Amino acid sequence: MHLFVLLPLLLLIVLQWMLPELMLTFSAAFPLLIYAMLGLTGLLAGLMRQWNWLYTLSLLASHYWVVQSALQQPLTNADTAAIAIVLPLAFTAVMLLLQLQNKPQLPTPRGISLLLLTVLVPIAILLLPLAGVLANAGLPAAFLQPVSTTLLFSWGQLWWMAVVAACWLGLLNFYAAGSQRWGQFGAWLAIMVFYLAIQQPHMSGWMTLAACFALLFSLASQMLQLAYIDELTQLPQRRALLSHLSRLGRRSALVMLDVDHFKKFNDTWGHDVGDQVLKLLGSVLGSERGVKAYRYGGEEFTLVFSHNNKDNLAEKLEQVRAAVADYPLVIRQQTRPKDSSEGKQQRGKDAGSKTVHITISLGCAIRQSGESTTALLKRADEALYSAKKAGRNQVAFAR
Ligand SMILES: Nc1nc2c(ncn2[C@@H]2O[C@H](COP(=O)(O)OP(=O)(O)OP(=O)(O)O)[C@@H](O)[C@H]2O)c(=O)[nH]1
């Protein structure tokens, strides 16, 4: 869950409510402040080579411009009211397109077309005769009726926004979506809050700012992910380990572990299967309780314990070793059927799949008083070497 992308939205709502005068002072800098923030976020994304963020940013900028141009009159005006109904729908449609589609690279023709779409869709809403279309659409009166005299949004708007929000949240969780998709959800929600509180002064500016901050947060989270998380195993990698080691407690222990005969495994089953094994090992180690696992590099992993009880360590490491050694790895047949009839005959049968096991060796060093983390790492590495030398698939403790 990346619900932290909703923090700017919550913060701005609380500030609006508690310090309205202060917020009014800041809003004097609108709309320049909004365009400057959107531009700066875009610049930051560009500097980090995260061009995909530009699609959402350009949609936000275009949407804000349209709101400034067309939604500043009272909603009693039929044209304004029609835009207030259709614009959030169009905004949502483009946002969902950005979520569902694997975004093309920007300098390519597809990327440029998508960028143009994000800019042009909100503007197109201005050019359509929406009031007439809505009047003739025969929508039920209850659908368009305001929720109350103080809240001007309609029941229809409330329902479709709630349904989209619930489905979107469900999908983000189901697919364990990454930072960017959560940032887009946060940005969308902020803009929907604007429509729900459209009568409040400067709401479009504040909510566009909240949307911009949601994207900034998710961009920062993505950069942290890229810097600290290993893509294959999804474990934190060596840079994160070094940061952990710099604040390692006195009572701690470090374990270096490595897959046995992994070169032979790769040579036999191929590098891709080797990658799957590392991924699986990463998930086994990452789910162990009471220990922090890192991918040190290649087929080497590091475990950090924040206690130094040797008996507990020995028991835990033996458990880890046995869990890996007992795990059945099913390797599917490498050769594919030549045609579909051969494929059909093979389906349902165990068409050449094989179950293999891997083993790991582990070297553990318990931190000695005053010992530097470099020395600790070196001792854990030496213990690993001893475990390998003693026949592999075992735990060795450093002296
Ligand atoms: N598939 C895959 N293989 C990797 C990766 N990183 C390192 N390796 C392989 O891991 C193997 C490590 O080989 P060695 O250091 O000789 O160790 P080993 O064969 O496991 O032998 P022992 O450690 O002595 O049991 C090399 O063949 C590397 O190519 C990776 O990300 N994916």
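Counting starts at 1 for both ligands and their atoms, in listed order. Remember, predicted model here, so these are calculated numbers, not experimental data.
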*With heavy atoms of Asp275 as the reference, note each atom of ligand 1 found under 4.0 Å away.*
1 (N), 2 (C), 30 (C), 31 (O), 32 (N)
*Please indicate, with yes or no, if any protein heavy atom is found under 4.0 Å from atom 14 (P) of ligand 1?*
no
*Within 45° cone and under 6.0 Å: Lys316 NZ/CZ vs Phe305 ring*: no
_Any donor-acceptor pair under 3.5 Å linking the side-chain atoms of Gln50 with those of Gln222?_
yes
*Do me a favour and list the nearest non-hydrogen protein atom to atom 20 (O) of ligand 1 with residue, atom name and distance?*
Phe262 N, 2.7 Å
*For atom 17 (O) of ligand 1, find the nearest protein heavy atom and state the residue, atom name and distance (0.1 Å precision).*
Glu299 OE1, 3.9 Å
*asked:* How far is atom 9 (C) of ligand 1 from the closest protein heavy atom, and which atom is that?
replied: Asn266 ND2, 3.4 Å
*Gln394/Ser361 under side-chain hydrogen bond (donor to acceptor under 3.5 Å, both in side chains): CA gap, chis, key distance, verdict*: CA-CA 5 Å; Gln394 55 191 280; Ser361 300; over 6 Å; no
*asked:* Assess whether a salt bridge exists between Asp230 and Arg238, defined as any Lys/Arg side-chain N lying under 4.0 Å from an Asp/Glu carboxylate O.
replied: no
*Would you call the rings of Phe30 and Trp206 parallel, tilted or perpendicular if under 30° counts as parallel and over 60° as perpendicular?*
perpendicular
*Give the numbers and elements of all ligand 1 atoms closer than 4.0 Å to a heavy atom of Gly274.*
1 (N)
*What protein heavy atom sits nearest atom 31 (O) of ligand 1, and how far away is it?*
Arg295 NH2, 2.8 Å
_Aromatic ring pairing Phe262/Phe265, orientation class (parallel under 30°, perpendicular over 60°, tilted between)_ = parallel
*Are the side chain of Ser62 and the backbone of Leu59 linked by a donor-acceptor contact shorter than 3.5 Å?*
no
*Give the atoms of ligand 1, by number and element, whose distance to some non-hydrogen atom of Asp258 is under 4.0 Å.*
23 (O)
*Going by the atom numbers of ligand 1, which of them fall below 4.0 Å from some non-hydrogen atom of Arg392?*
22 (P), 24 (O), 25 (O)
*asked:* Taking OH in Tyr327 as the centre, count heavy atoms belonging to other residues, nucleotides or ligands within less than 6.0 Å. Is the count above 12?
replied: no
*asked:* Show me which atoms of ligand 1 lie under 4.0 Å from any heavy atom of Asp260.
replied: 20 (O), 25 (O)
*asked:* Considering non-hydrogen atoms of the protein only, which is the closest contact for atom 6 (N) of ligand 1, and what is the distance?
replied: Gly298 CA, 3.2 Å
_Please tell me whether Ser218 and Ser179 have a donor and an acceptor in their side chains that are separated by less than 3.5 angstrom._
no
_I want to confirm something. Looking only at heavy atoms, which of Lys263, His271, His261 is nearest to atom 16 (O) of ligand 1?_
Lys263
*If you have a sec, work out which protein heavy atom is nearest atom 22 (P) of ligand 1 and how many Å separate them, to one decimal?*
Lys388 NZ, 3.5 Å
*Do the ring planes of Trp188 and Trp168 sit parallel (below 30°), tilted (30 to 60°) or perpendicular (above 60°)?*
tilted
*asked:* Quick test: of every protein heavy atom, which one is nearest to atom 5 (C) of ligand 1, and how far off is it to 0.1 Å?
replied: Leu278 CD1, 3.9 Å
_For ligand 1, which is the ligand I care about here, please tell me if Leu232 has any N or O atom under 3.5 Å from one of the ligand's N or O atoms._
no
_Any nitrogen or oxygen of Val259, side chain or backbone, less than 3.5 Å from one on ligand 1?_
yes
